[in-house]
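Take a look at the structure set out below.
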Amino acid sequence: MDAPAVFTDAEVYQRSFDPQAYLKEFYCLSDSQGRPNTFLMQNLRSLYKMFSLDGLRGDTLVDVGCGPTIYQLLSACEHFQEIIALDYTDQNRRELEKWLRNEAGAFDWRPVVEYVCELEGDREKWAEKEEKLRKKVRRVLKCDVTKANPTDPVSLPPADCIVSTLCLEAACKDLAAFLGALRNIGALVKPGGHLVMLTVLRETYYAFNKQVFSCLRLERNTVEEAVESAGFDVKFSEVEPYLPGDGSADCEAILSLVARRRASVTG
Ligand code: SAH
């Protein structure tokens with residue numbers, strides 16, 4: 001498979017991203033043959049580790065490019081009081097809201113929640129964690145990371161932390177756009193606050209449901225340098241190899257990164 005000839009921008013997401021198919025392809029803990037989803041498990045372990053670091057706590061957390069998923073909030077919700085989830089695509093926000101409201105037909109995250117509870121020491125706490133997360137997500141808003149104020153016309157007070165998983169590399173067609181988006185979302189976090197990211201490396205596409213989406217091909221040092229030049233100090237950075245064997249994507253590794261926004265206004 002090849003990457004799309006023209007980079008799939010936000011309008012393509014709005015027109016053709018199918019949240020249920022996406023969840024089915026990438027967010028079941030094991031596939032139909034019972035093989036474990038190592039991509040997901042690895043990412044859950046990384047998020048657990050990153051949100052256990054010193055200082056990763058506070059009142060407010062903003063999730064940028066949440067998509068239809070909650071896995072990125074499962075460890076995070078233990079350390080923040082209020083969460084605001086942002087995404088460009090209407091059907092993704094609706095799918096997320098379906099789970100938040102516990103509506104019929106919502107994706108079953110229970111196995112994933114149990115896995116995270118086990119990492120945190122008690123698998124039996126899954127229902128408690130689901131309830132906690134449902135209470136803490138206060139708003140689900142539209143955003144565009146390419147805009148100077150991504151939540152325009154809403155202005156959010158700067159948060160203690162922002163988390164963004166697998167979003168910027170999907171939303172940005174080139175490095176200039178990636179750097180611009182980092183600066184834009186950087187303004188959503190207080191000086192001294194944190195940025196937590198999961199980014200796929202060297203990926204040019206991902207596919208599900210016979211649809212192919214573009215990805216900006218990134219190297220570890222490119223991401224770290226972009227984060228630094230967007231006004232953050234990188235505090236934690238770890239690469240884990242990941243090679244999908246089934247043609248659903250062409251990534252080579254996943255970068256977990258935590259950075260702290262510098263106090264200076266000049267970045
Ligand atoms: N965070 C989720 C979803 C990643 S998929 C996960 O970890 O699985 C990429 C997401 O980026 C999609 O939900 C898509 O709607 C969103 N997106 C694409 N372009 C965007 C833009 N310009 N601004 C904000 N979100 C965007």
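Everything quoted here is computed from the prediction, not taken from an experiment. Each ligand, and each atom within it, is numbered from 1 in the order the structure gives.
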Listing by chain and number, which residues have a heavy atom under 4.0 Å from ligand 1? Ala10, Tyr13, Tyr22, Tyr27, Gly65, Cys66, Gly67, Thr69, Tyr71, Asp87, Tyr88, Thr89, Asn92, Cys143, Asp144, Val145, Thr165, Leu166, Cys167, Ala171, Tyr206

Classify the ring geometry between Trp109 and Phe107 as parallel (under 30°), tilted (30 to 60°) or perpendicular (over 60°). perpendicular

Classify the angle between the aromatic ring planes of Phe17 and Tyr22 as parallel (below 30°), tilted (30 to 60°) or perpendicular (above 60°).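 Judged by the thresholds at 30° and 60°, the geometry between Phe17 and Tyr22 is tilted.
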
Pairs meeting criterion ring pair (Phe, Tyr, Trp, His ring centres under 6.0 Å) with involvement of residues 50-96, two or more places apart: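 Applying ring pair (Phe, Tyr, Trp, His ring centres under 6.0 Å) to every pair that reaches into residues 50-96, excluding sequence neighbours, yields Tyr27-Tyr71.
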
Selection residues 45-64 - residue pairs positive for salt bridge (Lys or Arg N to Asp or Glu O under 4.0 Å), sequence neighbours left out: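 Of all non-adjacent pairs touching residues 45-64, those that pass salt bridge (Lys or Arg N to Asp or Glu O under 4.0 Å) are Lys49-Glu238.
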
Non-neighbouring partners of Arg260 that pass side chain to side chain contact (heavy atoms under 4.5 Å, CB included), sequence neighbours left out: His194, Lys235

Is it the case that the side chains of Ser256 and Glu240 hold a donor-acceptor pair, with the cut-off being a distance below 3.5 Å and no angle test? no

